[in-house]
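Below, chain A is the first sequence line, B the second, and so on; all start at residue 1.
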Amino acid sequence: MEKLLITGTKSSPEIDFNADTGILKISGNSYPQNPYKFFEGVFKWVDDYMKTARSGAVFEIKLNYMNSSSVKCLMNMIYKAERAATQGKKCVINWHYDKNNRSIKDSGEVLRDLANIEFNIIESA
Amino acid sequence: MNPARNADVSQLFYNNDAGEAGSRTGECRANAFPAQGQDMMEIIYRNLIWKLNEMGVIMSFNGSFTQGIVEEIGDAISAYLDLRNGDKNEPGHDSGYDVFSVFIEQSQNIKNYFMKKMNDDDDRTLYRKSFESMLLIGIENGHYFISSGNFIENTDIKSLMNRFDQVNSLKKEDLDKLYKRMLLDKPEDTEAQSAGLGIIDMARRATSPLEYLITPKDDRLSFFTLKVYI
């Protein structure tokens with residue numbers, strides 16, 4: 001499967017999804033004009049990946065700021081990962097936060113409480 | 001009927017009478033026109049700059065919100081907050097991200113509101129009104145505040161008030177529960193979801209209840225102002 005590479009902008013995140021390694025990276029800022037539209041393409045790739053992949057995925061999420069609609073979009077992503085897990089494709093989410101960014105750490109904790117898959121919150125220097 | 005409107009400084013430019021605009025923080029007297037040369041500068045200083053300073057405003061914007069404008073102002077605020085973040089003497093020295101968040105939520109709410117209205121309605125009246133939106137960021141009594149104002153249709157007043165009254169009535173734990181519940185719900189109406197989630201998000205970050213004021217303009221429109229303290 002082709003990689004999914006979307007360059008980050010001031011308001012939309014960088015997406016680096018690798019179907020061979022199963023490592024799916026999301027980084028930067030997320031407050032795009034229309035988050036649902038932005039993540040539509042991302043979700044389609046994830047759906048295709050989950051259908052064809054033999055194993056699950058590791059999400060490496062390292063965001064600086066995300067608006068509330070983006071949090072909702074990530075929740076939808078988590079649902080997809082949970083569904084894949086029920087089909088034997090184990091998914092893990094690694095949520096990275098800068099130690100001064102209490103806000104993003106909080107978003108991670110909220111999502112971790114709602115997620116039914118392995119969700120690690122990791123402080124980065 | 002001319003209720004006090006803190007955010008409506010644009011009005012001062014277009015009043016042709018010698019009008020007086022009252023405000024919560026004090027009287028501001030609009031000088032009589034002619035607005036030319038020296039007098040115009042005087043008005044800008046005395047009515048705008050001085051007034052903004054008095055209100056503790058650091059940054060202000062009035063006009064129509066576009067994604068580009070939100071990004072650029074976001075940059076400016078980040079730069080300002082970065083200078084202050086980490087300086088333990090500054091008010092709320094670690095609240096930079098909260099200030100930024102609330103700014104983004106408020107400005108995007110306004111942008112999305114008018115975008116939806118433009119799509120629903122061919123009437124250019126509301127489009128012109130989008131330019132009478134305003135946003136202020138400042139410091140008052142040791143707290144940052146983010147305040148915005150925009151025209152809304154009277155038919156939207158009730159649901160808007162309900163949302164704000166609801167979040168203001170909840171204790172922190174219940175606010176968190178509501179936030180999580182909204183995240184879990186499968187979306188039927190993504191736009192309503194967004195507006196609701198954004199308001200809850202602001203309430204979670206705020207250090208006091210969200211303050212709002214709705215000032216009627218005519219039988220179709222009212223002006224909505226919101227103030228969030230961090």
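Counting heavy atoms from C-beta outward, A:Leu111 and B:Lys180 have side chains that stay 4.5 Å or more apart. Using a 4.5 Å cut-off on side-chain heavy atoms (C-beta onward), B:Arg205 and A:Ser103 make contact. Annotation: side chain of A:Gln33 is not in contact with side chain of B:Thr66 (no heavy-atom distance under 4.5 Å). Between B:Tyr97 and A:Asn101, the closest side-chain pair of non-hydrogen atoms falls below 4.5 Å.
Only the side chain of A:Asp113 comes within contact range of chain B, judged by heavy atoms closer than 4.5 Å. Contacts between A:Pro32 and chain B at a heavy-atom distance below 4.5 Å involve the backbone alone (N, CA, C, O). Contact of A:Asn64 with chain B is made through backbone and side chain together, with heavy-atom distances under 4.5 Å.
Annotation for A:Lys25: atom NZ does not count as buried by contact number, only 12 or fewer foreign heavy atoms lying within 6.0 Å. Annotation: B:Asn162, atom CG; neighbour count of heavy atoms from other residues, nucleotides and ligands within 6.0 Å is above 12. Within 6.0 Å of the CD atom in A:Glu2, the count of heavy atoms belonging to other residues, nucleotides or ligands does not exceed 12.
Counting only distance, with no hydrogens or angles, the side chain of B:Gln67 and the backbone of A:Ser11 share no donor-acceptor pair below 3.5 Å. Put simply, the side chain of A:Lys72 gets close to the backbone of B:Leu183: a donor and an acceptor are under 3.5 Å apart.
Atom CG of A:Asp106 and atom OG of B:Ser101 lie 10.0 Å apart (nearest 0.5 Å).
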Verdict with reasoning, B:Asp185 to A:Met75, per side-chain contact (heavy atoms from CB on, under 4.5 Å): CA-CA 10 Å; B:Asp185 285 347; A:Met75 191 64 227; over 6 Å; no
Go through A:Asn67 and B:Glu105 one step at a time and tell me if the side chain to side chain donor-acceptor pair (under 3.5 Å) criterion holds. CA-CA 7 Å; A:Asn67 67 354; B:Glu105 294 295 342; 5.2 Å; no
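For the set B:Gln108, B:Met202, B:Met115, B:Lys111, the count of heavy-atom pairs under 4.5 angstrom toward chain A peaks at B:Gln108. Of all the listed residues (B:Val70, B:Asp201, B:Asp75), the one sharing the greatest number of non-hydrogen pairs under 4.5 Å with chain A is B:Asp75.
Note: A:Tyr65 and B:Phe100 meet the aromatic proximity criterion, with ring centroids under 6.0 Å apart.
A:Arg102 and B:Ser95 are not linked by any side-chain donor-acceptor pair at a separation below 3.5 angstrom, with hydrogens and angles left out of the test.
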